[in-house]
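Read through the structure below, which is laid out as structure tokens, and then see the notes.
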Amino acid sequence: MASPSPKKRRRVPVEPVLPDTPIPTGNAGEPPRYCEMRAEDGTLRPARFMSRGEREKGQVVSDFFGILPAMSLDANVRGVDSVLVSLLEKLDISAAEFAPEVLADAWRKAAGNFLSTRAELLTIADKKARIRTAHPAVRYELNQRKSQIIKALNAVLGEGCVTGVQIIHG
């Protein structure tokens, strides 16, 4: 015989108790970090000071993600540009190496007219050049010339930029 399941307790939200400490203030010349706000019960409580711009950002984030502005202040919300900048800094590469114009120009110079019109240099990542072609004969030719392609790309882009080649059919 199965035992009855225990009753689940429902959590009741509890108002946090704040100690009677003075509200911290910023150093001279710095913007304030906290301000006093009067709570519903009439007591003064410390609240994080936000500038108008910070409040507007919080409202934009809350509108976009559909969350309360109070939650968005604690969330780790980053813009796409800041994420890309941090990734590029960690990879220790320059953004110009990824520019399609630079790759197309380097591929034309390294492969010549015949191969560059029938195959495309997609990316150079982790020192590996990824080349795409739809022609089986061109794929075979590229596989046969891998070492020559590496040397030619290094001559155009800089020594040690490319150490391997990956041929993608499609």
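Since this is a predicted model, take the numbers as computed values, not measurements.
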Checklist outcome for this item: Residue pairs passing the salt bridge (Lys or Arg N to Asp or Glu O under 4.0 Å) test with at least one member in residues 138-147, sequence neighbours excluded, are E141-R145
Checklist entry - Please, which pairs that meet salt bridge (Lys or Arg N to Asp or Glu O under 4.0 Å) have at least one residue in residues 107-119, sequence neighbours excluded? => result D105-R108, D105-K109
Quick one: pull up [atom1] in [X] and [atom2] in [Y] and give me the separation to the nearest 0.5 Å.
X: N154; Y: K127; atom1: CG; atom2: NZ; result: 9.0 Å
X: C161; Y: I124; atom1: SG; atom2: CD1; result: 4.5 Å
X: H169; Y: H135; atom1: NE2; atom2: NE2; result: 9.5 Å
X: L157; Y: L121; atom1: CG; atom2: CG; result: 8.0 Å

Checklist entry - Tell me the side chain to side chain donor-acceptor pair (under 3.5 Å) pairs involving residues 155-167, sequence neighbours left out? => result R130-Q166
Checklist entry - If you link I, L, V, M, F, W and Y whenever their side-chain heavy atoms are under 4.5 Å apart, who else ends up in the same group as L122? => result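 Cluster partners of L122: I168.
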Next on the checklist: Tell me the closest heavy-atom pair linking L153 and A129, and the distance in Å.
Outcome noted: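 Smallest heavy-atom distance, with atoms named: CD1-CB, 3.9 Å.
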Checklist entry - Closest approach of A111 and S116, non-hydrogen atoms and distance? => result CB-N, 4.1 Å
Item to check | With sequence neighbours excluded, residues passing side chain to side chain contact (heavy atoms under 4.5 Å, CB included) with A119 | outcome: W107, I131, T133, V138, L142
Checklist entry - Which residues pass the side chain to side chain donor-acceptor pair (under 3.5 Å) test with Q148, sequence neighbours left out? => result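 Q148 satisfies side chain to side chain donor-acceptor pair (under 3.5 Å) with no residue once adjacent residues are dropped.
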